[in-house]
Amino acid sequence: MLEAIFARKAEFEILDLTVEDCHAVAELHGQRFARRWGDGEFLSLMLQPSVFGFQARQTNALMFTPPLSGFVLAREVAGEAEILTIAVHEKVARSGLGWRLMQAAMRQARMRGADTMFLEVEESNLAAIDLYRKLDFEKVGERPAYYADASGKRSAALVMRANLR
């Protein structure tokens, strides 16, 4: 019986991101990116009317408040949307959660009036690039030496765009 409970596939609920989630979002962001954003940076963004986001929480977890499994933060201004950042916990990477979060952000951007959405992704992040291409994002530019890892090694950011209409 216990084996069946622990072997269940994780199920997730996509919820609006709120200012109360800033600490958890900053923690997950710090686990997934070399350049960590702090609680204050997320709070500053979340207080802007143009910024919106979604979080994923596991609904079949054996705890009262399940930990944050993923999030996406975006903004829409003058008909254009931008993914500011997105992260999925490494334990649930490649589960389709990134797809669901991106779909929620793209849908919300359309509802806010955006015709296009942009994002930047590190050229070596092949899993993310593959996801974005499946969501009809195309490379429209490149920022050389944009990202730096802990050792100072620099890599390019690919600028990608998708039509939302």
Side-chain angles (χ1 to χ4, degrees), residues 7-39 41-42 45-46 50-61 63 65-76 80-112 114-143 146-149 155-165:
R8 287 187 300 182
K9 183 178 178 183
E11 298 171 9
F12 301 96
E13 183 175 23
I14 306 297
L15 306 163
D16 288 336
L17 201 58
T18 69
V19 294
E20 288 80 19
D21 302 309
C22 288
H23 180 73
V25 166
E27 291 225 352
L28 179 55
H29 189 273
Q31 294 169 17
R32 301 301 280 170
F33 294 98
R35 201 269 190 213
R36 176 190 177 109
W37 295 5
D39 299 19
E41 289 171 284
F42 281 104
L45 286 167
M46 289 295 299
S50 62
V51 174
F52 59 94
F54 297 93
Q55 62 178 304
R57 302 262 179 187
Q58 188 174 343
T59 57
N60 62 343
M63 52 188 64
T65 304
L68 182 70
S69 296
F71 72 90
V72 62
L73 192 65
R75 91 171 116 219
E76 184 278 326
E80 291 186 349
E82 173 187 14
I83 297 295
L84 300 171
T85 187
I86 180 172
V88 172
H89 196 285
E90 66 183 337
K91 290 182 181 179
V92 293
R94 295 236 179 234
S95 67
L97 194 52
W99 173 275
R100 290 182 61 198
L101 289 164
M102 284 295 296
Q103 285 286 329
M106 293 169 79
R107 191 169 36 254
Q108 179 67 19
R110 271 192 304 274
M111 288 176 24
R112 288 173 170 241
D115 294 321
T116 57
M117 179 173 270
F118 291 88
L119 59 81
E120 293 171 351
V121 59
E122 189 169 4
E123 66 183 340
S124 64
N125 191 342
L126 300 180
I129 293 167
D130 185 49
L131 168 65
Y132 302 143
R133 285 190 175 135
K134 288 177 182 172
L135 290 164
D136 295 327
F137 280 83
E138 296 177 346
K139 178 183 169 187
V140 294
E142 188 171 316
R143 297 178 194 268
Y146 185 77
Y147 293 105
D149 66 15
S155 61
L158 304 181
V159 179
M160 301 183 81
R161 180 186 69 209
N163 292 319
L164 298 178
R165 302 279 175 197

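Side-chain contact check for V92 versus F12: some heavy-atom pair is nearer than 4.5 Å. Put simply, the side chain of L97 does not reach to within 4.5 Å of the side chain of H89, judged on heavy atoms. Annotation: side chain of V159 is not in contact with side chain of E142 (no heavy-atom distance under 4.5 Å). With contacts defined as side-chain heavy-atom distances shorter than 4.5 Å, the pair F54/L15 does not qualify. Using a 4.5 Å cut-off on side-chain heavy atoms (C-beta onward), M46 and V25 make no contact.
Checked for salt-bridge contact, R75 and E82 meet the test: a charged N lies under 4.0 Å from a carboxylate O.
Closest approach of F137 and M117 over heavy atoms only: CE2-O, 3.5 Å. Smallest separation of non-hydrogen atoms from G98 and I86: O-CD1, 4.0 Å. Contact detail for A26 and G38: the closest heavy-atom pair is CB-C, 3.9 Å. Across all their heavy atoms, Y146 and A157 have their closest contact at CD2-CB, 3.5 Å. The heavy-atom pair separating A148 from A34 by the smallest distance is O-CB, 4.0 Å.
When atom types are taken as modelled, the side chain of Q108 and the backbone of A105 share no donor-acceptor pair closer than 3.5 angstrom. Judged by distance alone, the side chain of E13 and the main-chain N or O of Q58 form no donor-acceptor pair under 3.5 Å. In terms of modelled atom types and a separation under 3.5 Å, the side chain of T59 and the main chain of E11 share a donor-acceptor contact. Remark: the backbone N or O of V88 is paired with a side-chain donor or acceptor of R32 at under 3.5 angstrom.
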Next item on the list: Step by step, work out the side chain to side chain contact (heavy atoms under 4.5 Å, CB included) result for L68 and R57.
Entry: CA-CA 5 Å; L68 182 70; R57 302 262 179 187; 4.1 Å; yes
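For R165, the salt bridge (Lys or Arg N to Asp or Glu O under 4.0 Å) partners at least two apart in sequence or on another chain are D115. Shown here are the side chain to side chain donor-acceptor pair (under 3.5 Å) partners of E138, two or more places apart in sequence or in another chain: there are none.
Here CH2 of W37 is found 6.0 Å from CG of L45. Values are rounded to the nearest 0.5 Å. Note: L28 CG to E90 CD = 9.5 Å, rounded to the nearest 0.5 Å. To the nearest 0.5 Å, atom CG of residue D136 and atom CE of residue M160 are 10.0 Å apart. The structure places CG of L126 at 9.0 Å from CZ of R133, a figure rounded to the nearest 0.5 Å. L164 contributes atom CG, which lies 10.0 Å from atom CD of E80 (distance to the nearest 0.5 angstrom). Distance check, rounded to the nearest 0.5 Å: CG of L135 to CH2 of W99 gives 4.5 Å.
By the 6.0 Å contact criterion, CZ on R36 is enclosed, its count of non-hydrogen atoms from other residues, nucleotides or ligands being greater than 12. Around the CZ atom of R94, the shell of radius 6.0 Å holds no more than 12 heavy atoms that belong to other residues, nucleotides or ligands.
F42 and F71 have perpendicular rings, their planes meeting at more than 60° on a 0 to 90° scale where under 30° would count as parallel.
Side-chain atoms of E122 and S155 form a donor-acceptor pair, as typed in the model, at a separation below 3.5 Å.
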